[in-house]
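In this chain, residues are counted from 1 in sequence order.
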Amino acid sequence: QLQASGGGLVQAGGSLRLSCAASGRTFINYATGWFRQAPGEEREFVAAISWSGGSTYVADSVKDRFIISRHNAKNTVYLQMNSLKPEDTAVYYCAGRSGPGSSVDRDYTLWGQGTQVTVSS
């Protein structure tokens with residue numbers, strides 16, 4: 001019901017925009033979060049946005065480089081990633097939860113399949 005896309009291979013300093021599209025129904029009052037997981041590491045919070053889009057949360061590690069936004073008419077949440085670094089390489093997952101955004105992955109009940117982002121140095 002959540003489909004993440006937009007990943008790929010990019011050089012350091014480049015940009016990518018990830019999309020998280022919801023299908024099946026409209027998830028009213030669902031916040032959406034982005035998480036990432038690099039090989040051999042724990043899943044890490046990246047950003048979250050409330051249903052209205054009025055509240056956003058961005059991890060310190062990507063603050064000032066990543067922007068989360070949403071277009072509810074398209075049932076889609078975006079993660080604009082700028083000034084990418086090799087340490088941003090990971091599988092990126094989007095997730096949804098009823099209620100406010102959260103940085104805790106276990107708070108989310110819906111998960112997309114993930115999209116690979118690889119940043120070369």
Side-chain angles (χ1 to χ4, degrees):
Q1 290 178 318
L2 293 180
Q3 179 89 18
S5 63
L9 173 64
V10 64
Q11 288 188 330
S15 299
L16 283 174
R17 188 177 79 158
L18 305 184
S19 298
C20 176
S23 62
R25 64 180 177 95
T26 298
F27 295 92
I28 297 174
N29 291 328
Y30 268 64
T32 302
W34 284 97
F35 293 80
R36 67 186 182 185
Q37 188 166 22
E41 297 195 13
E42 299 277 324
R43 188 157 55 191
E44 175 189 21
F45 169 74
V46 177
I49 188 167
S50 63
W51 164 255
S52 69
S55 297
T56 59
Y57 317 87
V58 182
D60 288 342
S61 59
V62 301
K63 194 175 181 180
D64 299 328
R65 298 189 297 122
F66 290 11
I67 301 169
I68 188 170
S69 62
R70 68 187 307 149
H71 193 310
N72 284 344
K74 295 184 178 180
N75 271 354
T76 303
V77 171
Y78 304 99
L79 184 68
Q80 178 67 43
M81 305 187 297
N82 301 319
S83 302
L84 283 161
K85 304 175 181 180
E87 52 262 44
D88 294 319
T89 295
V91 178
Y92 283 70
Y93 299 90
C94 62
R97 70 180 300 261
S98 178
S102 170
S103 62
V104 180
D105 57 359
R106 62 179 177 272
D107 287 342
Y108 291 82
T109 56
L110 298 172
W111 288 85
Q113 86 291 0
T115 184
Q116 175 71 46
V117 172
T118 303
V119 184
S120 62
S121 57

- prompt: At what distance, to the nearest 0.5 angstrom, does CD of E42 lie from CG of D105?
  reply: 9.0 Å
Interatomic spacing from CD in Q116 to CG in L9 - rounded to 0.5 Å: 9.5 Å
Minimum side-chain heavy-atom gap Q113-Q3 below 4.5 Å: yes
- request: Identify the heavy atoms of S102 and V104 that sit nearest to each other, and give their distance.
  value: OG-N, 3.0 Å
- prompt: Do you know the tightest heavy-atom contact between G7 and V117?
  reply: CA-CG2, 4.1 Å
field: Counterpart residues, side-chain contact (heavy atoms from CB on, under 4.5 Å), relative to A48 (two or more places apart)
entry: F45, Y57, Y108
statement: Of all heavy-atom pairs linking K74 and T76, the shortest is O-OG1, 2.8 Å
- prompt: Same cluster for V10 and L79 if Ile/Leu/Val/Met/Phe/Trp/Tyr side chains link at under 4.5 Å?
  reply: yes
task: Measure the spacing between SG of C20 and CG of N75 and express it to the nearest 0.5 Å.
output: 10.0 Å
- request: Write down the atom of E44, the atom of S61, and the distance for their closest heavy-atom approach.
  value: OE2-OG, 3.5 Å
- prompt: Should L2 and Y30 be counted in the same cluster of Ile, Leu, Val, Met, Phe, Trp and Tyr side chains packed under 4.5 Å apart?
  reply: yes
message: Please check: side-chain N/O of R70 versus main-chain N/O of G53, any donor-acceptor pairing under 3.5 Å?
response: no
message: Nearest 0.5 Å, please: how far is CH2 in W34 from SG in C94?
response: 4.5 Å
task: To the nearest 0.5 Å, tell me how far S121 OG sits from Q11 CD.
output: 9.5 Å
query: Does L18 reach the side chain of R36, with side-chain heavy atoms less than 4.5 Å apart?
result: no
query: So if you build clusters from Ile, Leu, Val, Met, Phe, Trp, Tyr with side-chain heavy-atom gaps below 4.5 Å, do F35 and V62 land together?
result: no
Atom pair OG1 (T56) and CD1 (I67), whose distance is rounded to the nearest 0.5 Å: 9.5 Å
- line: All heavy atoms of L16 vs all of L84, minimum pair found to be N-CD1, 3.9 Å
message: List the residues meeting side chain to side chain donor-acceptor pair (under 3.5 Å) with S52, not counting sequence neighbours, and say none if there are none.
response: S50
statement: In terms of heavy-atom contacts, D88 and V119 come closest through CB-CG2, 4.3 Å
task: Look at the side chain of N72 and the backbone N and O of W51, then say whether any donor-acceptor pair between them is shorter than 3.5 Å.
output: yes
- request: Tell me, please, which residues at least two apart from Q37 pass side-chain contact (heavy atoms from CB on, under 4.5 Å).
  value: R43, Y93
